[in-house]
> 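First, the structure itself, so that you have it in front of you.
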Amino acid sequence: MAPPFVFPSTLRDLERDGDGGGDDEPALRPQNPVAIGALRAADLEEFVKGTSFDLSDKELFCIEEQDVFDRVYSLVRDFTCLPPALKFNLVETLRSNLSVLLPNIDSLSRASMSSPSDGVPVTDRIASHRNALKIYSFFLLSIVVAEESGADSCNGPKVAVHGRKKNAVYAWNWEAQRGRIMNIIANSLEVDLSLLFGPGGADEQYLSFVSKCTFVLCENQNVLKDEEIRNGLCRIIGAIATKHQRVSQTSASVLHLIHKFDFTVVLLAESVAAAEKRFGDGSLAISLIREIGRTDPKDYVRDSAGADNAGRFLVELADRLPKLMSTNIGVLIPHFGGESYKIRNSLVGVLGKLAAKAFKDVEGESDAHSIRLRSKHAMLEILLERCRDVSAYTRSRVLQVWAELCEENAISIGLWNEVASVASGRLEDKSAIVRKSALQLLITMLQHNPFGPQLRTATFEATLERYKEKLQGMEPPPPEKDELLNDSSLGEVIAGQDESVSDSCLPSSQDLKDQDPTIVDITNLEQIRALVASLEAGLRFSACITSLMPTLVQLLASSSATDVENTILLLMRCRQFQIEGSEEALRKMLPLDKSIYEAVESAFITIYTRKSPTETAKSLLNLTIECSIGDLAALESLVSSLVSKGEVSSNTVTALWDYFCFHINGVKPVQSRGALSILCMAAKSSPSILGTHLQDIIDIGFGRWAKEEPLLARTACIALQRLSNEDKVKLVSTGSRVFAALQGLITSLSLPEKIWYGAADKAISAIYALHPAPEIFAAQIVKKSLNSVFDVLGTDDCMSNENETQNGSMLSSVPATHLGRFLFIISHIALNHLVYIETSVKKIQKQKRKNDKSEATAEDLHADASKNSEAQGINAELGMGASVDIAIESLAEKAEREIVSTSSEKNLIGYCAPFLAKLCRNLTLLQKFPGLQASAMLALCKLMIIDAEFCEANLQILFTAAESAPSEVVRSNCTIALGDLVVRFPNLLEPWTEHIYARLRDPSASVRKNSVLVISHLILNDMMKVKGFINEMAVRIEDEDERISSLAKLFFHEFNPIYNLLPDILGRLCNQQLKDEMFCSIMQFLISSIKKDKQMEALVDKLCNRFAGVNDVRQWEYISYCLSQLTFTEKGLKKLVDNFKIFEHALSEDSVMNHFRTVIAKCKKFAKPDLKVCIEEFDEKLSKVHQEKKEQEATTRNAEAHKQRIGSLDKLMVTKRTGKDNGKSAEVAEETSEVVDPSMDSNSEDKENMPECSDNICSEKSHTSSTFTESDGDSTEVQSARTSCKGVSRSRINKMREPEDSEDSAPIRRVSRRRLPLIDNPMEY
């Protein structure tokens, strides 16, 4: 009997000395291993074949023989050096022997019950089977580990040894062999090994070695891509953990893999789930769940990747073992309070899986069923609560889980509206990912709603009312004692609809679809109650979605492309379910940005073009009828793009022509105009569309239908401009009927005022696009219009400037509306003529270049190349080619000047221009006719754009009107015209820059908005000076109109050099007397737009330097506030410290000091420990200086107060001394009378006079007289002093009583009373 085989730690350990099974037991070890590397190729092949033959020919236990064991060990040890064929031979032999050995174990258990037939004891046979199992498993796993480690180390083809051909070692199908080996190992672990290893279980070393090799393979991502080996690894992990009772060791290894290798998560979840299903033992899953639950939440904060992997594992496990997870979810719930959002995300996913899968099986007792429902409800409540999680990622994940539950029909009707309400609220979340998830959730809820295919609120209300009436008729009034019972039964019916009530709602859905007023015949009272409850829930859901339309319109204007795309999808779904307001909201998507153009185009195709041709044509023309100007421009871009891509079929175009030509019954003129508008849009990319119906455009567009629909003529003019060149030539050659129609449209007075201007605009443009000589025809129109306006007076008189009285009477007799139209005609013709000249010049230059190129080609063919190049060089030197271009440009400039010529050689417009300028100067007249003023100023602006001299001469008029015109329409038009003039004549307008910026302070919100738009356009295109005036634009950030504020913020967002202008803006805003809140808000926004650290650091220097030479406390506060808004880096802080001397004087103010404390607090957040010491020292220095400055200020204030008091006392002394001589005689007389009179009682005198004295002299400083008494002890002296004192007091009383009634003397008297006790010697006074 061979010695037992003991598993070593590694293959090489078998050769080393060591203990076998113990000190006394020998172990099977290699005694004479063969050096495979020393063998020649032929010998090696013979060696491998001999070993394989012995293993195959002999019985399975021959592996125990020392010679066979040594040879197999040698081959396994140097397996990587073997050629592919020999590898295959050895592996197949070992694997087949092990596969044969496993069934023998079962037969061995049966043989152990009977007597052995071959005379070999059963114990020996068991030992041989055990040894063979261990040896085969060890060698096969060692081959797998060696081959995989070799594959990792080489990463490429190897060259075979011993001079054979260069064949790749991995050319043989090792992946297939690897999977077979791991599956046979899994089979060996799943058989009953209790007979081989005893009741204690398999050998610990055997299981440890298999487990170690298994988990090593799991660390290789390439290995796990093979499905067969994945299956084998899963079986091995499950068998070792559950069948062989190694749960704790396996769970520790599994958790290690989960935390370190993200690609193992799915495999390990499959392994755990497979172990529970195969062996009916969920101990491994429970152990892993509890280990994850017992982990400190702070560990997941530190190990973000591990938290992510552990969370994914829990979600995968919940998906595969929902019931087991539901019974152990309690250990994971505390992690909702942790800081790791990844774990919270995963727990949300776990709850979603459990709510969808763990409670589907409703079989069992009613008590158990109610418990399960309560558990599910508790989980859903947690999901609702997590919608308010602090992390945006978790909020987004919760909404995604709710969407998954909707798809699984796992949300009850009782929670449906609550979930819809939560999703509606999340549409206003500050995070884009949350808004995206909320939009997707609402889309899913609409798609899977249990209320029917139509969700019109009005229909729900009508249907609900009918079924309520039926319910009231079927339900008799219950007795009072049964009220509680009936209420509880109704609650049970509603609560019982936990999964879905779509079957109960089917009649309602059919009723909603068919609009049938009849009520579906339902006689069961409980069904009626359930139906009413379902209809009420459906009505609430419909109302909830309908109320979202304003929010969705706002989201269409979001800066996030995902918001817009998902909002469009939701609106399309709402339109599908006929939600009120969805159609109008969808039209708001037309003028959206190009970044989401594909989404808009896809939605447009789905909504409007994927119908029958007639329906498509009708929906498109209805769009044009109800769209605004901006929407029409966006619609034109969409339609032309769709036509070019073939999305608009020819049948649709035919249907549009049918609508335009009134070939369809019931077509209205407005629909005809809409159809022509769509055709004009389509003609932008395919002009030939309009050529087939030229006569219809003229007949209908300028015929009787134009009187019923005035805008039809304007649309017809646009169509004429969109004609192809061939069609234009054809139209001109057929006759002048179209031009007569255009002339009649321009000179006619029948069209309404608002419509005529737009129609005349397009008509004049059409004339210049079609007529071969437009200037001649335009002159005829001007003359005809002039005659129609001034038909009462002679033309020469009206254009003359000699008789002003006659002009005044003429102006008073001309209708203002007619004059306004005439001014529009002449100005618009002049502007179109300018465009016509520029277009003609470009055509001439283009033709010249084309001719030059063709001549050069012809000369190359007929002349020598060298001579030709020489001639070209001479022409270039002489400038002959450039002279032609200069001549063309000169002629163009002359033609432009002749349009509005104010010289002696005047043309038609030249005669009108002075009249127009004089009219615009007559503000008194124009104030009486606001409409005329608008037309006149607009015409003046057009003529100013054409001619520089005329512009310069009338700039004062334009700015006066822009500033003081009573009509905000006139001021807005002038502001817009100023923008055009800046582009046209920048040098002329440069001195007026300040006045252009002043338009930002206009009281009208409309004018301010246009000013912001114009100035933004000019600045962003480098057409206007910025420095010195940009503060006016900054003030608009806090404009009371939200639209203006948004436009100003958008400007500064696009304006890059704001960093350079910030100090200038700060200085000018300080002088504008803004409110503190407004100033802080403006500067906070501007500073937040600066992102670069270097710019922030430079701003520290610039702002600190502004403290120098500034004594205004308010400016100190503003500068320090701006410093507090900066993002400080270490360099920025160093610059602040270096500039301490500059702002030191401002630290006396508490508000300034508070801003610097904010800076210190910011710096402490990012500071390293060594930097924090410097920050604290700087903080102490600031506080010390602040305290010193405060004390200095207090001392200065006290000194000033004392100085003022001393000055007042000096003035008082001077005043008293000047009055001393005047009162001297009175004092002597009074003293004599008091001394001589013996009958007067000195005591009574004292009683009468002392109060007066105390009020005037002695009340505050009574110690003066007492001191005098102590210095002179004689009572007579004291009495003499009192007598003198009384004399002084009496004289002062007499003097003070004289001006007692005077108000001016009262303050002096009060001051005297306070200051007199300070006199050292009152006797001198």
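Residue numbers count from 1 along this sequence. Heavy-atom basis, side chains included; hydrogens, waters and symmetry copies ignored.
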> For atom CD of E994, decide whether the heavy atoms of other residues, nucleotides or ligands shown that lie under 6.0 angstrom number more than 12.
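Open: at most 12 neighbouring heavy atoms sit under 6.0 Å from CD of E994.
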> Is atom NZ of K1025 surrounded by more than 12 heavy atoms (other residues, nucleotides or ligands) closer than 6.0 Å?
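Not more than 12 within 6.0 Å, no.
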> Would you call F1055 and L1061 a side-chain contact if the rule is heavy atoms closer than 4.5 Å?
yes
> What residues form a salt bridge (Lys or Arg N to Asp or Glu O under 4.0 Å) with D1064, not counting sequence neighbours?
R1068
> Tell me, do L555 and L439 make a side-chain contact under 4.5 Å, heavy atoms counted?
yes
> Where the side chain of N345 meets the backbone of T394, is there a donor-acceptor pair that is under 3.5 Å apart?
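Between the backbone of T394 and the side chain of N345 there is a qualifying donor-acceptor contact (under 3.5 Å).
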> Is Q956 close to W992 at the side-chain level, that is, under 4.5 Å between some pair of heavy atoms?
yes
> Any donor and acceptor pair, going by atom type alone, linking the side chain of S637 with main-chain N or O of A634 inside 3.5 Å?
no
> Taking side-chain contact (heavy atoms from CB on, under 4.5 Å) as the test, write out the residues that go with K1184, two or more places apart.
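With neighbours one apart ignored, the set is E1188.
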> A side-chain contact here means heavy atoms from C-beta on lying under 4.5 Å apart; do Q440 and K436 qualify?
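A side-chain contact exists here, since the closest heavy-atom pair is under 4.5 Å.
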> With sequence neighbours excluded, give me every ring pair (Phe, Tyr, Trp, His ring centres under 6.0 Å) pair touching residues 1002-1027.
none
> Treating S1011 as the side-chain partner and V1007 as the backbone partner, does any N or O pair qualify as donor plus acceptor under 3.5 Å?
yes
> Do we see a donor-acceptor contact under 3.5 Å between the side chains of S396 and S437?
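Yes, S437 and S396 have a side-chain donor paired with an acceptor closer than 3.5 Å.
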> Take a 6.0 Å sphere around CD of E1193 and say whether it holds more than 12 heavy atoms from other residues, nucleotides or ligands.
yes
> Does the side chain of N1139 reach to within under 4.5 Å of the side chain of F1107, using non-hydrogen atoms?
no
> Has E963 got more than 12 heavy atoms of other residues, nucleotides or ligands less than 6.0 Å from its CD?
no
> Looking at K298, I want to see if its NZ is surrounded by more than 12 non-hydrogen atoms of other residues, nucleotides or ligands under 6.0 Å.
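No.
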> Side chain of R395, backbone of V434: donor and acceptor closer than 3.5 Å?
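Looks like no, no N/O pair under 3.5 Å.
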> Using a distance-only test with no angle check, is there a side-chain donor-acceptor pair under 3.5 angstrom linking D1076 and Y1121?
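No, because no side-chain N or O of D1076 sits under 3.5 Å from a partner of the opposite role on Y1121.
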> Cation-pi between K342 and Y393: NZ/CZ under 6.0 Å from ring centre and within 45° of the ring axis?
no
> Show, in sequence, the C-alpha distance, side-chain angles and deciding distance for T562 and S560, and conclude whether the side chain to side chain donor-acceptor pair (under 3.5 Å) test is met.
CA-CA 5 Å; T562 57; S560 172; 2.8 Å; yes
> For this output row, return yes or no: ring centroids of Y300 and H335 closer than 6.0 angstrom.
yes
> Between F1156 and F1143, how do the two ring planes meet: parallel, tilted or perpendicular, split at 30° and 60°?
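F1156 and F1143: parallel rings.
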> Just wondering, are more than 12 heavy atoms of other shown residues or ligands nearer than 6.0 Å to NZ in K1134?
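No - once you tally the heavy atoms of other residues, nucleotides and ligands closer than 6.0 Å, there are 12 at most.
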> Treating D308 as the side-chain partner and S304 as the backbone partner, does any N or O pair qualify as donor plus acceptor under 3.5 Å?
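Checked: no pair found.
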> Walk me through whether L1126 and I1090 qualify under side-chain contact (heavy atoms from CB on, under 4.5 Å).
CA-CA 9 Å; L1126 297 178; I1090 301 173; 6.0 Å; no
> Quick one: do the N1010 and T975 side chains pair a donor with an acceptor below 3.5 Å?
no
> Answer yes or no: does atom CZ of R984 have more than 12 heavy-atom neighbours from other residues, nucleotides or ligands under 6.0 Å?
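Atom CZ in R984 is packed in, count exceeds 12.
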> Indicate whether any N or O donor in one side chain lies under 3.5 Å from an N or O acceptor in the other, for D1150 and H1186.
yes
> Is the number of heavy atoms from other residues, nucleotides or ligands under 6.0 Å of Q1095 CD greater than 12?
yes
